[in-house]
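Here's the structure, in structure tokens; my notes come after.
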There are 2 protein chains.
Amino acid sequence: MLDEAKALDAADPLRAYRDQFDLPEGVIYLDGNSLGALPKRTRGRLQQVVDTEWGDGLIRSWNSADWIGTPQRIGAKIAPLIGAQSHEVIACDSVSVNLTKLIGAALKMRPGRTVILSEPGNFPTDLYMIQGLAGQGMAEQRLAHRDQIIEGLNEDVALLMLTHVHYKTGAMFDMAALTKAAHDAGALVLWDLSHSGGAVPVDLNECDADFAVGCGYKYLNGGPGAPAYAYVAERHHETFQQPITGWMGHARPFAFSDEYEPAEGVSRMLAGTPPILAMAALESGVELMAEIGMEPLVAKSRALSEFFRTAMAEHCPQMEPVSPAHPTQRGSQLSYYHPEAYAICQALIARGIIGDFRDPDVLRFGFAPAYVSFEDAGKAVAALKEILETGAWDRPEFKQRAAVT
Amino acid sequence: MLDEAKALDAADPLRAYRDQFDLPEGVIYLDGNSLGALPKRTRGRLQQVVDTEWGDGLIRSWNSADWIGTPQRIGAKIAPLIGAQSHEVIACDSVSVNLTKLIGAALKMRPGRTVILSEPGNFPTDLYMIQGLAGQGMAEQRLAHRDQIIEGLNEDVALLMLTHVHYKTGAMFDMAALTKAAHDAGALVLWDLSHSGGAVPVDLNECDADFAVGCGYKYLNGGPGAPAYAYVAERHHETFQQPITGWMGHARPFAFSDEYEPAEGVSRMLAGTPPILAMAALESGVELMAEIGMEPLVAKSRALSEFFRTAMAEHCPQMEPVSPAHPTQRGSQLSYYHPEAYAICQALIARGIIGDFRDPDVLRFGFAPAYVSFEDAGKAVAALKEILETGAWDRPEFKQRAAVT
């Protein structure tokens, strides 16, 4: 298995990019779908922002370093990774906050319809944002299992809101088909790309999607809690109104007018002042992904996860696969059930192999294509085989839960 | 004037703190009320977060570096600066987003009342957040001039929402009196402390305030676009419901439940994943302010702004004062009208003296007490006198407007 892995690494067109990341010695990192690794260039970029732009430039850097243009500039760099035009994407706030904005916008665009349709088991924050607006009497939550979503689409539905790649199972929706079904029912569609952007093929324009949001700290390597991004299709730019109308989304913020007037297009998604330090790290991560380009990232992601899946089936049959077997039907991750998933995850971490655990019994391995090698994947399978065969997970210290699991 | 300034500096108990900041050579910085200066310690703290916590610790740092506790930890450090208990304050999102959350919470707590009362000319984002919710049919904006606010309080008002220190004039509201008047009318009160926290005395508990928000990037020196903070009085902790119910505000975020259940107390203000790099810089700035303590900061702020105000009256009578003359009635800033305020501001900047301009004709000088010296203030007045007397502002390059003014 390891010989095969080494051969695959030798032939990997992305192998040089691994050196663009600062990966700790002795660690195999299969959790880039939770927090992306540190691009080496980010260190220098942050130093520049802190020392030169903030320290020396002070307030002047809003102009001289174009801090003010950061959200749109990063959005334009993300756009080609998700099949969008550069002026349709903006970096701002968190996924949660951007969901509230876009649910609000959709409700305004579909007067008389109040239902937001999603699936049970969606990433929690997506459902919670619907529930928050429901608590204000603005929206109604409807959940339909993924094979019954089309039946759930009726004349009450303002918005179909789904996560493209499921955070836990890795299962990927057919974006084009579901978008079309929602439009046929008169609803708008919002795709959460948190587990997609930078890892799987996404073509928002081709699919005719209305809205999307996505995460900056996973496959875009923007740093812990990096700002998120949002997409609004050009055809809605004139008309959409989102409810969190902060001054940075005003047509002329520095006129300090009492009356809100939305900025043009996607810029009206902005609310408060962007966190420039966090944005700089995000921009650095996004630039690296954009340099590599989606095609080789997708090819590597599929080859790498297939290698892992095949090796797992052979060497660790005790782990029950959760994710779709076909690489075009899943994200860049593979999940497995095991009743002792938590302890197994801890035993792997103790051996320097970082995957992650999802309550109550799922082990999840992410394959960030820019820096994970086939050898990493092979070594992880070998370690897991040893842990399972020797029962090495069965120790009290591996069963004690931490605050963040 | 400069001899007096030097004597005042020599006697200044805060003079040693100036060295804790990285101020560029040849610059006099009177805009710390817009963007605070770089604390030297922040550089090292960020390096630690990037290299050790993100680079080496990766996902494990949510536990091992207590990233997960960051919002509450910073909130507890801000609390003594604003007269709050440590569990009443949390750092998160932007001022704009936090305003939306707390307006939403207030509307839920005052069913049947829909009016949010504020003043015209409040900082724009404050009014825009009301207008955004009004656009969703949730709220109604009512504006009353500052001397007519009490008359504006009736049984329709859910929330009185004011900025404690006015961003443009520096005028400071009587927080205790207005809070009492609002409560007498059955309304709740939200104070925006953006221009107060870290510079003027604030005692939210003593004033019986319900809610507050504030800015991290001004007197708290948290870096450009630093996350904001929010205060919720303990008596509302059991009952308040804010509408942006993200997963980080859930009682058990890592249970990944489909049903939102609010975390205890102020923690339910959280929405998405906190931007850890930006939060680390904020924490570093806040720690420095907390070390100095509010009493010496307030004393210095008053002495410094009084020195500047007196010198301006003597040397620059062409500038018409906008701010209240008495130091207990204003923030740590002084504003002046002049029809050529923009060009004068640029001429000052060309001489290394950074104040700022507020549309259409106001020059604003901020006195960040931790690092601005009396000599800085004296030199600024001397330069302004020279600019006014020689007409040095009257050059085309000083009249060309930049994107951010």
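Proteins get letters first, then strands, A, B, ... in listed order; numbering begins at 1 in each. Being a predicted model, the structure only gives us computed values, none of them experimental.
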**Message:** Would B:Leu58 and A:Tyr29 count as a side chain to side chain contact (heavy atoms under 4.5 Å, CB included) here? Give the steps.
**Reply:** CA-CA 9 Å; B:Leu58 289 160; A:Tyr29 192 57; 3.5 Å; yes
Taking side chain as everything from C-beta outward and backbone as N, CA, C, O, which of these in [X] sits under 4.5 Å from a heavy atom of chain B? Side chain, backbone, both or neither.
| X | result |
| --- | --- |
| A:Ile354 | side chain |
| A:Val27 | side chain |
| A:Pro274 | backbone |
| A:Thr100 | side chain |

Between [options], which residue shows the highest count of heavy-atom pairs closer than 4.5 Å to chain B?
| options | value |
| --- | --- |
| A:Leu143, A:Leu277, A:Leu99, A:Val97 | A:Val97 |
| A:Tyr260, A:Trp62, A:Trp54 | A:Trp54 |
| A:Arg43, A:Met279, A:Gln47 | A:Arg43 |
| A:Ala281, A:Gly246, A:Ala280 | A:Gly246 |
| A:Gly135, A:Pro360, A:Pro253, A:Ala228 | A:Gly135 |
| A:Ala226, A:Ala278, A:Gly104, A:Gly57 | A:Gly104 |

Say you draw a straight line from [atom1] of [X] to [atom2] of [Y]; how long is it, rounded to the nearest 0.5 Å?
| X | Y | atom1 | atom2 | answer |
| --- | --- | --- | --- | --- |
| B:Asp93 | A:Ser94 | CG | OG | 5.5 Å |
| B:Asp258 | A:Asn122 | CG | CG | 8.0 Å |
| B:Asn98 | A:Ile244 | CG | CD1 | 10.0 Å |
| A:Leu107 | B:Gln136 | CG | CD | 7.0 Å |
| B:Trp247 | A:Met129 | CH2 | CE | 13.0 Å |
| B:Thr273 | A:Leu35 | OG1 | CG | 10.0 Å |

Is [X] close to chain A through its backbone or its side chain, or both, or neither, when contacts mean heavy atoms under 4.5 Å?
| X | result |
| --- | --- |
| B:Arg252 | neither |
| B:Leu46 | side chain |
| B:Thr42 | side chain |
| B:Val50 | both |
| B:Ile59 | both |
| B:Asp31 | side chain |

**Item:** Donor-acceptor under 3.5 Å (A:Trp67 side chain, B:Gly225 main chain)
**Value:** no
**Message:** Over 60° means perpendicular and under 30° means parallel, so tell me whether A:Tyr167 and B:Phe256 are parallel, tilted or perpendicular.
**Reply:** parallel
**Asked** Should the ring pair A:Tyr128 and B:His250 be called parallel, tilted or perpendicular, given that the plane angle runs from 0 to 90° and is split at 30 and 60?
**Response** parallel
Identify which of [options] forms the greatest number of heavy-atom pairs closer than 4.5 Å to chain A.
| options | result |
| --- | --- |
| B:Pro120, B:Gly137, B:Ala134 | B:Pro120 |
| B:Ile68, B:Ile349, B:Ile130, B:Asp51 | B:Asp51 |
| B:Ser257, B:Gly121, B:Pro227 | B:Ser257 |

**Item:** Note, A:Glu259 side chain near B:Gln131 side chain (heavy atom, < 4.5 Å)
**Value:** yes
